[in-house]
Amino acid sequence: MTVHTKSAVGARVDEPEAYDFDRPTTLGRDHVRLLRGALESFARQWQTQLTTRLRAVCRITVGDIHLATYDEYVETLPATTVMVLCGVDPLQARAIMQFPVQSSLRWITRMVGSDTESTVPDRELTIIEQAIMRSIVADALDVLHYTMGDSFPSEFKVETVRFGARTAQAAATTDSMIVIEFRIAVGETSAAITFAVPAEALSDEIAPLPAEERAHVGDLMAEQLSEVPVRVALRFQPTPVSSQIVLGLAEGDVIRLGHSKNKPLSVVVEGQTLARAAVGASGAQLACVIVDTREGS
């Protein structure tokens, strides 16, 4: 017996979405593990370098590592911030190292000879101050390339400095970025910075498949899918009945099915009819004998 009902008005119907394996929505655990190990080594070396340049003890820790679209990343940034854009040949998207304005100005002040920790008004950096920030990022990229080796593209080049998160236009809004968060403590103050890298610049380098596996990705996927358990049901032809009959059902009532005893039943796999079968037995258990395998019949 099958009772047909209509969905509630305005009910949300989930539609399947195609998954693009070239643009994954999350980073794999192996990717994150490999990245974190390399970045922690980078943080130790970068903090030594900054300690020398700022003439104050620096401590750098690695925070969250995640995948986001460029638009999602920009939404997390303050309206005014220091964004150092880095070109990644031959990609159109740029990498970004982002710093709070206050922290940038304090660091620059230290690097030119002052030890003050006083708060300064938020403002755009001067040409000289921009050059200093570009040099900080260039040194950081050198350390990254040294610690990550071939996993970090050598084509990263510091290009320019922007101050508006929404006006930087470093990538298309839907481009995938690997966002890495750092916490930098200098003396008694600390700041959260981010490093956003185009996913296509790093993902293939972090954990590349061997060449022989890349050539058989489809076969590997089919092999994995063949082990996935699915629900199989043997189904009679649906028999429509009125709601009045359904509401009046009681124990012992009989509903006549419209399925002929000589007609095969449908073999349904996860809601899809894939074959026809006759009822049979296998030893002491019920079974079915496939008589037709016309897909979608």
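Only a predicted model underlies this, so the values are computations on that prediction, with no experimental measurement involved. Start at 1 with the first residue, then count along the sequence.
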message: Please check this pair: side chain of Thr69 against backbone of Glu72, looking for a donor-acceptor N/O pair closer than 3.5 Å.
response: yes
query: Is the closest basic N to carboxylate O distance between Arg162 and Glu124 below 4.0 Å?
result: no
query: Under 3.5 Å, side chain of Thr147 to main-chain N/O of Leu144, donor-acceptor pair present?
result: yes
- prompt: So, Ser103 side chain and Ala191 main chain: donor-acceptor pair closer than 3.5 Å or not?
  reply: no
- prompt: Are a donor atom and an acceptor atom from the side chains of Arg106 and Thr189 found within less than 3.5 Å of each other?
  reply: no
task: Would you mind reporting whether Ile184 and Gln47 have side-chain heavy atoms less than 4.5 Å apart?
output: no
query: Quick one: CZ on Arg110 to CZ on Arg55, what's the gap to the nearest 0.5 Å?
result: 7.0 Å
query: If you group Ile, Leu, Val, Met, Phe, Trp and Tyr by side-chain heavy-atom gaps below 4.5 Å, do Leu77 and Val84 land in one group?
result: no
task: Mind listing the closest non-hydrogen atom pair of Ala165 and Thr81 along with its distance?
output: CB-CG2, 4.5 Å
- prompt: Can you find a pair of side-chain heavy atoms, one from Leu67 and one from Val179, that are under 4.5 Å apart?
  reply: no
query: Is Thr174 close to Asp71 at the side-chain level, that is, under 4.5 Å between some pair of heavy atoms?
result: no
Residue pair Val186 / Val57, side-chain heavy-atom distance below 4.5 Å: no
task: Spell out, as yes or no, whether a donor-acceptor pair under 3.5 Å connects the side chain of His259 to the backbone of Gln237.
output: yes
message: Applying a strict under-4.5 Å side-chain criterion to I, L, V, M, F, W and Y, I'd like to know whether Leu286 and Leu257 cluster together.
response: no
Closest heavy-atom pair and its distance - Arg235, Leu265: O-CB, 3.5 Å
message: Could you measure the distance from the CD1 atom of Ile245 to the CD1 atom of Ile255? Nearest 0.5 Å is fine.
response: 7.0 Å
- prompt: Does the side chain of Val269 reach to within under 4.5 Å of the side chain of Arg231, using non-hydrogen atoms?
  reply: no
- request: Work out which heavy atom in Tyr70 is nearest to a heavy atom in Ala170; give both atom names and the distance.
  value: OH-N, 3.2 Å
message: I'd like to know whether Trp107 forms a side chain to side chain contact (heavy atoms under 4.5 Å, CB included) with Gln102, so could you lay out the CA-CA distance, the side-chain angles of the two residues, the decisive distance to 0.1 Å, and finally the verdict.
response: CA-CA 9 Å; Trp107 297 349; Gln102 284 285 323; over 6 Å; no
CG/Leu225: more than 12 non-hydrogen atoms of other groups inside 6.0 Å: yes
- prompt: Is the closest side-chain donor-acceptor distance between Glu181 and Thr194 under 3.5 Å?
  reply: no
Stepwise side chain to side chain contact (heavy atoms under 4.5 Å, CB included) test for Phe195 and Ile96: CA-CA 6 Å; Phe195 184 38; Ile96 301 167; over 6 Å; no
Identify every side-chain donor-acceptor pair in residues 34-44 under 3.5 Å, counting partners at least two apart or on other chains, and give the distances.
| residue | atom | partner | partner atom | Å |
| --- | --- | --- | --- | --- |
| Arg36 | NH1 | Gly63 | O | 3.2 |
| Arg36 | NH2 | Gly63 | O | 2.9 |

field: Pairwise distance CG(Leu247) to CD(Gln244) - rounded to 0.5 angstrom
entry: 8.5 Å
Test side chain to side chain contact (heavy atoms under 4.5 Å, CB included) applied to Cys58 and Thr51, step by step: CA-CA 5 Å; Cys58 298; Thr51 294; 3.5 Å; yes
message: Would a single hydrophobic cluster contain both Val82 and Tyr73, if residues Ile, Leu, Val, Met, Phe, Trp and Tyr are joined by side-chain heavy-atom contacts under 4.5 Å?
response: no
query: If only atom types and distance count, is the side chain of Glu129 paired as donor or acceptor with the main-chain N or O of Thr126 below 3.5 Å?
result: yes
field: Heavy-atom side-chain proximity of Val232 to Val268 below 4.5 angstrom
entry: no
field: OG on Ser135 to CD1 on Ile108, rounded to 0.5 Å
entry: 9.0 Å
task: Might you confirm whether atom CD of Glu270 has over 12 heavy atoms from other residues, nucleotides or ligands at distances under 6.0 Å?
output: yes
query: What pairs with Arg53 under salt bridge (Lys or Arg N to Asp or Glu O under 4.0 Å), at least two apart in sequence or on another chain?
result: Asp139
message: A side-chain contact here means heavy atoms from C-beta on lying under 4.5 Å apart; do Leu234 and Val267 qualify?
response: yes
query: CE of Met83 to CG of Leu85: how many Å apart, nearest 0.5 Å?
result: 6.0 Å
field: Chi angles and distances behind the side chain to side chain contact (heavy atoms under 4.5 Å, CB included) call for Cys86, Arg94
entry: CA-CA 5 Å; Cys86 308; Arg94 296 176 174 85; 5.9 Å; no
message: Could you tell me if the side chain of Ile132 sits less than 4.5 Å from the side chain of Arg134, heavy atoms only?
response: no
- prompt: With hydrophobic residues grouped by side-chain heavy-atom distances under 4.5 Å, do Ile178 and Val74 end up in a single group?
  reply: no
Heavy-atom closest contact (Pro264 atom, Arg276 atom, distance): CB-CB, 3.9 Å
query: With hydrophobic residues grouped by side-chain heavy-atom distances under 4.5 Å, do Val101 and Ile193 end up in a single group?
result: yes
- line: Taking every heavy atom of Ala275 against every heavy atom of Thr293, the minimum-distance pair comes out as CB-CA, 4.0 Å
- prompt: Once you round to the nearest 0.5 Å, how far does CZ of Phe182 lie from CD1 of Ile65?
  reply: 7.5 Å
message: Please find the pair of heavy atoms, one from Glu223 and one from Ser226, that lie closest to each other, and give the distance.
response: O-OG, 2.6 Å
